[in-house]
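Beneath this line is the structure, given in structure tokens, with notes to follow.
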Amino acid sequence: MWIVFISPPGAGKGTQCERLVRALGLPHLSTGEMLREAMQTQSPLGQAAAEYMHSGQLVPDHLVMDILQQRLDEHDCNQGCLLDGFPRTLCQAELLHELLERRGTPLDRVLALDVDRDELVRRMLQRQRPDDTPETIAQRLEVYQAETAPLLDYYRRQDLLLTVDGMQSPDDVFRSLMAGLDQVRRRHGHEPEDPS
Ligand code: B4P
């Protein structure tokens with residue numbers, strides 16, 4: 001099962017992905033987490049990514065692809081995974097499409113959360129991550145609109161997009177996401193159960 005999760009920064013992707021991977025038994029591949037780990041270990045890739053992340057920019061596609069490709073080659077991803085925060089650009093979406101075509105495993109569903117701008121800012125300021133300063137947040141929201149929001153239409157046209165109201169409580173968001181995945185889960189032989 002191949003699932004993509006894209007949403008504005010601070011919408012709650014990471015929060016929901018943790019629950020989804022437990023419920024679906026899928027590997028969780030968060031490009032944000034991978035990049036933060038690379039920064040912590042001060043690997044060359046982490047050092048290259050740091051200046052982009054600290055200024056609210058997207059990390060260049062080739063660096064993100066390098067780190068993701070290594071992880072996708074691990075055997076636990078053979079049957080699919082939950083991609084958290086990837087793709088974030090049209091170029092990344094096209095590279096993912098090619099990669100899945102080569103594997104002969106089409107994308108099953110693209111999840112997205114809809115959250116008001118003020119609430120996104122509030123959540124990020126509360127989170128207090130080093131890249132969550134008011135200036136960086138404003139920049140990330142702008143970059144999201146320019147680079148990532150167009151992917152919603154891209155996936156809507158392919159009939160893959162499921163948008164959920166991210167203003168609800170975390171439990172209700174999770175229930176809505178799981179309900180929206182019923183069909184995909186049946187296709188992969190999982191009997192949908194009550195996610196409460
Ligand atoms: P990410 O790590 O993907 O993080 P994010 O978009 O900022 O946050 P997320 O939506 O996961 O929010 P969270 O659950 O924490 O990206 C970080 C950076 O990495 C990017 O800016 C970029 O520079 C780089 N990057 C990553 N992937 C890339 C790619 N593919 N290409 C290029 N660059 C890339 O939730 C936020 C807060 O809200 C939390 O405190 C949470 O507790 C709270 N919350 C969650 N759900 C809630 C709810 N329903 N109600 C109330 N609060 C809620």
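In each ligand, atom 1 is the first atom listed, and ligand 1 is the first ligand listed. Treat the numbers as computed from the prediction; the structure is a model and nothing was measured.
Ligand 1 lies nowhere less than 4.0 angstrom from a heavy atom belonging to Q16. The closest approach between M124 and ligand 1 stays at or above 4.0 Å for every heavy atom of the residue. Heavy-atom distances between S7 and ligand 1 stay at or above 4.0 Å for every pair. The closest approach between Q57 and ligand 1 falls below 4.0 Å for a heavy atom of the residue. Heavy atoms of Q126 come nearer than 4.0 angstrom to ligand 1 in no pair at all. For Y52, the closest heavy-atom approach to ligand 1 does not fall below 4.0 Å.
Across the listed options Q168, R88, M65, R88 owns the non-hydrogen atom lying nearest to atom 16 (O) of ligand 1.
Contacts with ligand 1 closer than 4.0 Å are made by side-chain heavy atoms of R140 only, the backbone lying farther away.
Polar contact with ligand 1: present for T15 (N/O pair, distance under 3.5 Å). Residue K13 places at least one N or O, backbone or side chain, under 3.5 Å from an N or O of ligand 1. Considering backbone and side-chain N/O atoms, R127 comes within less than 3.5 Å of an N/O atom of ligand 1. Close N/O approach between V173 and ligand 1 is not found [any backbone or side-chain N/O within under 3.5 Å]. When only interatomic distances are considered, the shortest N/O to N/O separation between G12 and ligand 1 falls below 3.5 Å.
Under 4.0 Å is where a charged nitrogen must lie from a carboxylate oxygen, and between E119 and R123 at least one such pair does. Residues D132 and R140 are paired through a salt bridge, judged by an N-O separation under 4.0 Å between the basic side chain and the carboxylate.
The protein heavy atom nearest to atom 19 (O) of ligand 1 is M53 CE, 3.2 Å. The nearest heavy-atom contact from the protein to atom 43 (C) of ligand 1 is R123 CD, 4.1 Å.
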